[in-house]
Amino acid sequence: MCYFITISIPKTGIKYAQEKIPREIHLSETSNPSLEKFLPKDYVNYLVITGGCSCDLFNEDDLEANKEDIINKLTHKYKKKGWSENKIKKAVSQSISNSNTGGNSGLRDDLKFFLSDIALQLKEIRIIVHWYGGGAVDQEKIKTNEGPTISPYELRTQNIIKETDTIYKIKG
């Protein structure tokens, strides 16, 4: 029902990442067995979220091309939570206006800058975006693909992270 971005960082870098995260973005520690097997032993997973998900931080396709689909998905999600029509309209409108509106798919710019910064400091991080089907985030089985290894500069300046279920390595 929502996108969730998971980053994997060395345990030694948790404090640094928490100090550098932009104000509107939050880290929430998570453990999903489908992702754990792809991590070095000294890494920990964090969901990167605004509110309760990562929908504001990632667009799989151009926003304008999928605006109606995004509105329908968010409306359905909020109706399941029992929200009023006015609250739903406000949340959907805010989500659309906060989305990556540059006509590009991929990560929102402030998130790219944050991730490239911590990748430089921590030497390597990993990122995966997944569209969760509505169950428990830490229990959903995810079939992953190995993605490219990219530099922090490439992450910051290009929209390389566009696909879901692909583990991208960012090496600083």
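In this chain, numbering begins with 1 at the start of the sequence shown.
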Taking a hydrophobic cluster as the set of Ile, Leu, Val, Met, Phe, Trp and Tyr residues connected by side-chain heavy atoms closer than 4.5 Å, whether directly or through intermediates, do [X] and [Y] fall within one such cluster?
{"X": "V44", "Y": "I118", "answer": "yes"}
{"X": "Y43", "Y": "L27", "answer": "no"}
{"X": "I25", "Y": "L122", "answer": "yes"}
{"X": "L120", "Y": "V48", "answer": "no"}
{"X": "L155", "Y": "I21", "answer": "yes"}

Interatomic spacing from [atom1] in [X] to [atom2] in [Y] - rounded to 0.5 Å:
{"X": "I161", "Y": "Q158", "atom1": "CD1", "atom2": "CD", "value": "11.0 Å"}
{"X": "T149", "Y": "E154", "atom1": "OG1", "atom2": "CD", "value": "10.0 Å"}
{"X": "K77", "Y": "T75", "atom1": "NZ", "atom2": "OG1", "value": "10.5 Å"}
{"X": "W131", "Y": "C2", "atom1": "CH2", "atom2": "SG", "value": "5.5 Å"}
{"X": "D110", "Y": "R23", "atom1": "CG", "atom2": "CZ", "value": "12.5 Å"}
{"X": "H26", "Y": "L47", "atom1": "NE2", "atom2": "CG", "value": "12.5 Å"}

Does any part of the side chain of [Y], heavy atoms only, come nearer than 4.5 Å to the side chain of [X], both counted from C-beta?
{"X": "L74", "Y": "I71", "result": "no"}
{"X": "F58", "Y": "L111", "result": "no"}
{"X": "H130", "Y": "L35", "result": "no"}
{"X": "C55", "Y": "K73", "result": "no"}
{"X": "Y46", "Y": "Q18", "result": "yes"}
{"X": "R108", "Y": "E24", "result": "yes"}
{"X": "I170", "Y": "S116", "result": "no"}
{"X": "E124", "Y": "K171", "result": "yes"}

Under 3.5 Å, is there a donor-acceptor pair between the side chain of [X] and the main chain of [Y]?
{"X": "N32", "Y": "V137", "value": "yes"}
{"X": "E140", "Y": "G133", "value": "yes"}
{"X": "S54", "Y": "L57", "value": "no"}

Can you give the donor-acceptor pairs under 3.5 Å from side chains of residues 6-14 to other protein atoms, not counting sequence neighbours?
from: S8; atom 1: OG; to: N45; atom 2: OD1; distance (Å): 2.4

Ignoring hydrogens, what is the shortest heavy-atom contact between [X] and [Y]? Give both atom names and the distance.
{"X": "E146", "Y": "T166", "result": "C-CG2, 4.2 Å"}
{"X": "I167", "Y": "R126", "result": "CG2-CB, 4.2 Å"}
{"X": "K79", "Y": "I88", "result": "CG-CD1, 3.5 Å"}
{"X": "P33", "Y": "S31", "result": "CD-O, 4.0 Å"}
{"X": "A91", "Y": "W83", "result": "CB-CZ3, 3.6 Å"}
{"X": "K141", "Y": "S34", "result": "CA-OG, 3.2 Å"}

For a side chain to side chain contact (heavy atoms under 4.5 Å, CB included) check, start with the C-alpha distance between I160 and Y168, then their side-chain angles and the critical distance, and finish with the verdict. CA-CA 9 Å; I160 295 174; Y168 295 88; 4.2 Å; yes
I would like to know whether C53 and F4 meet side chain to side chain contact (heavy atoms under 4.5 Å, CB included); could you show each step before the answer? CA-CA 6 Å; C53 65; F4 281 92; 3.8 Å; yes
For L107 and I5: C-alpha separation, side-chain torsions, deciding distance, then whether side chain to side chain contact (heavy atoms under 4.5 Å, CB included) applies. CA-CA 9 Å; L107 300 175; I5 298 170; 3.8 Å; yes
